A.B. asks: 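Here's a structure for you.
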Amino acid sequence: MAARFLTTLTWFAGLLFFFPVFWMIITGFKHEGDAQTDPPSLVFTPTLDQFRTLFDAGAGPYFLNSLLAAGMSTLLVLGLAVPAAYALAIRSLPRAKDVLFFFISTKMLPVVAVIVPIYVIAGRLGVLDNVWTLVVLYTAMNLPIAVWMMRSFLMEVPREVLEAAAMDGASLVQTMRRVLLPMVAPGLAATALICLIFAWNEFFFSINVTASQAATVPVFLVGFMTSEGLFWAQMSAAATLASLPVVLAGWAAQKQLVRGLSMGAVK
Amino acid sequence: MTRAVVRCAWSLIGAATLTACAGFGGFSLDSSERTTIVVAVVSNPQMNDAVALSHYFQEANPDIDVQFVSLPENEARAKITASVATGGGEFDVVMISNYETAMWAENGWLVNLQPYADATDNYDTGDFIEPVRESLSVDGDMYSVPFYGESSFLVYRTDLFDEAGLEMPEQPTWEDVREFAATIDAEYDDVDGICLRGLAGWGENLAPLNTVIHTFGGRWFDKDWNAQLTSPEVSRAVEFYVDLLRDHGQAGAATSGYADCGTRYAQGRAGMWYDATAMVNIVENPTDSNVVGDNGYAPAPVMETESAGWLYAWSLGIPASSEHPEEAWRFIAWMTDKEYPHLVGAELGWDQVPPGSRTSTYAIPEYAEVAEAYAEPTLRAMERADQDLTIAAPVPYDGIQFLAIPEFQDLGTRVAQQVSAAVADQISVGEALEQAQRFAETVGESYQSEEEGR
């Protein structure tokens with residue numbers, strides 16, 4: 001009886017979480033007038049007009065900019081976070097806890113507090129509206145979380161395995177490539193995906209430091225909002241399209257992700 | 001797994017090298033020498049139409065490449081202000097309004113457009129609607145030119161009025177409007193008497209409310225910058241607005257703004273709606289509106305003043321930091337020329353023509369025909385949107401639905417939040433105005449000390 005109740009509750013919670021996504025998807029197939037009805041209606045004549053308008057509006061460059069900014073920043077983050085996490089988790093660094101706290105403390109400052117200096121400095125350096133500025137900002141934004149995540153994954157690796165590798169004469173690079181990274185691959189995938197999602201969805205930096213050249217998908221999305229007309233169907237279609245790459249990436253890495261996210265969860 | 005990651009990394013690095021520049025937005029394989037101008041616009045329907053038609057400009061000006069940045073009003077305003085004020089230089093053309101133009105021109109942030117306009121054949125600045133042209137000028141020189149303008153008026157359902165035996169006077173008062181709203185509310189279960197903006201924001205609920213405050217004889221500051229938000233006139237006006245909204249307005253009014261009122265009215269769920277004249281794009285749009293053909297338009301309701309409509313113009317300017325002012329002007333001239341309404345009419349339909357900027361637009365027979373119901377009320381509302389006609393007591397600021405001072409974005413939003421809380425019945429109107437008065441006093445004091453220092 002209790003198990004049945006729990007199953008029902010889980011289904012209910014699952015559907016409750018999925019409902020806004022479902023509503024977003026179907027709203028993308030509505031006419032603007034149908035998207036605004038009160039009470040909301042599930043009965044409507046589907047249309048692809050909103051998606052057609054999206055492609056006519058030239059979504060391509062925004063997607064490419066997002067892909068470049070999110071992808072490059074994720075690669076950079078992993079390149080920096082893995083060695084840092086290795087030092088913090090495996091080589092017992094003095095004051096490791098302080099270093100870790102320093103990393104996470106950089107996330108405590110609200111981004112809005114630093115946007116003016118960032119904007120002015122970028123302006124002086126002539127790198128406003130430049131996708132590489134976003135790559136640098138997103139790398140800085142995700143690095144602390146990646147270091148923390150990778151450290152906890154590396155802590156799970158038994159020291160004996162590393163000692164065995166050393167006994168067999170493996171160099172540091174060989175140990176990293178052949179022993180350590182394959183063992184923490186699920187964790188690496190989870191970290192990469194989280195960084196990718198955060199960078200893909202990031203809006204605040206993007207809207208402030210880009211204009212026509214380097215604008216990303218979230219900026220493209222808000223362009224459909226208007227104070228003088230209806231826009232819900234159009235924006236839902238754009239949001240559906242914008243979510244697809246991240247959903248696909250998550251789906252492709254599903255197996256790794258589940259293992260990665262549950263690593264260290266059960267002691 | 002590792003190989004896939006490496007392949008992915010190489011593809012990204014390849015893509016990055018391919019662009020070898022700032023981003024994909026301006027990426028082109030065409031190596032010809034063209035000047036690129038970046039135009040920042042607010043994503044309202046008329047601007048989106050201009051973006052869609054911009055290929056005509058590019059065909060006529062093959063040496064110029066136009067790129068658009070289209071953002072919602074609040075984001076666009078913040079972004080454009082940051083860029084223009086710090087000399088960021090991302091934009092060559094910016095869409096601003098009569099709120100910013102004079103202030104920014106005085107700060108030296110905008111290029112004087114008068115010499116450009118005078119040197120352009122057939123670009124007749126005298127054709128711009130007089131109050132609009134004046135609101136965009138400093139010392140007789142235009143610093144931005146209007147793309148479209150708006151005032152405010154009252155739309156009402158003629159079918160419901162006929163059924164209920166109501167007759168809208170040529171110039172309604174707010175008392176008339178309250179009576180009509182009460183009657184409609186009582187007669188129809190599923191129709192609210194009136195829809196008014198309750199959503200907090202200086203560009204939301206404060207816009208209509210300020211016209212009400214001014215026509216009730218109220219004002220934000222007296223001539224010496226003493227805050228007046230607890231004066232009997234302002235109290236009466238705000239009490240009236242909040243009561244009207246709570247008694248006969250839409251449900252959930254505190255979170256309901258222009259777009260929501262537009263939807264409600266277009267779906268036939270409100271008997272009247274007092275708002276921007278731009279509402280005709282929603283109300284008279286056959287695709288989204290169920291009430292096309294059932295609408296009458298009356299001037300903004302009054303109390304103590306002759307007129308009460310506001311004045312707002314979306315206009316185009318060139319930031320002083322632009323490196324291509326010549327090319328920027330050529331684009332602006334195309335978008336604000338007398339010929340532009342003809343292009344919109346022929347390509348997108350005459351009901352899509354941006355209204356309220358040029359008097360010649362109203363003389364186009366095709367436009368006059370489709371806009372028969374609202375063209376004349378719009379033009380009349382704009383011509384009468386003058387402080388002398390809409391504000392009873394003398395004030396130290398410009399503007400009707402806003403105060404043309406830099407502090408107003410912040411002050412207005414704070415006051416708007418108080419009013420919205422009163423609409424939601426979280427606080428009384430008296431409490432809201434007392435708090436609002438304190439905010440206004442702070443701003444007033446800064447102007448008083450500025451004047452004492454002179």
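Please read these numbers as outputs of a predicted model, since none were measured by experiment. So that the names make sense, note that chain A is the first sequence line, chain B the second, and so on, each numbered from 1.
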A.B. asks: Would you indicate whether the side-chain heavy atoms of A/T210 and B/V69 approach each other to under 4.5 Å?
C.D. replies: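 Counting from C-beta outward, B/V69 and A/T210 never come under 4.5 Å.
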A.B. asks: So what's closer than 4.5 Å to chain B heavy atoms on A/N65: side chain, backbone, both or neither?
C.D. replies: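 The answer is both parts of A/N65.
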A.B. asks: By a 4.5 Å heavy-atom criterion (distance strictly below it), what part of A/L128 contacts chain B: side chain, backbone, both, or neither?
C.D. replies: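 Looking at A/L128, just its side chain touches chain B.
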A.B. asks: Measuring from atom CD of A/E32 to atom OG1 of B/T263, what distance do you get when rounded to the nearest 0.5 angstrom?
C.D. replies: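 Between A/E32 CD and B/T263 OG1, I get 9.5 Å after rounding to 0.5 Å.
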A.B. asks: Return the minimal non-hydrogen interatomic distance between B/F68 and A/Y62, and the atom names on each side.
C.D. replies: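 Scanning both residues, the minimum pair turns out to be O-OH, 4.5 Å.
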A.B. asks: Looking only at heavy atoms, which two atoms of B/S43 and A/G223 are closest? And how far apart?
C.D. replies: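 Answer, listing the atom of B/S43 first, then A/G223: CB-O, 3.0 Å.
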A.B. asks: For a 4.5 angstrom cut-off between non-hydrogen side-chain atoms, does B/S83 reach A/Y119?
C.D. replies: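 When only atoms from C-beta onward are counted, A/Y119 and B/S83 do touch, with a gap below 4.5 Å.
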A.B. asks: So for atom CH2, which belongs to A/W232, do other residues, nucleotides or ligands contribute more than 12 heavy atoms lying within a distance under 6.0 Å?
C.D. replies: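 Not buried by this count: 12 neighbours or fewer within 6.0 Å.
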A.B. asks: Show the nearest heavy-atom pair for residues B/E90 and A/A211, with the distance to one decimal.
C.D. replies: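 Of all heavy-atom pairs spanning B/E90 and A/A211, the closest is CB-CB, 4.0 Å.
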A.B. asks: I'd like to know which of A/T133, A/V127, A/V222 tops the heavy-atom pair count under 4.5 Å against chain B.
C.D. replies: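 Ranked by heavy-atom pairs under 4.5 Å with chain B, first place is A/V222.
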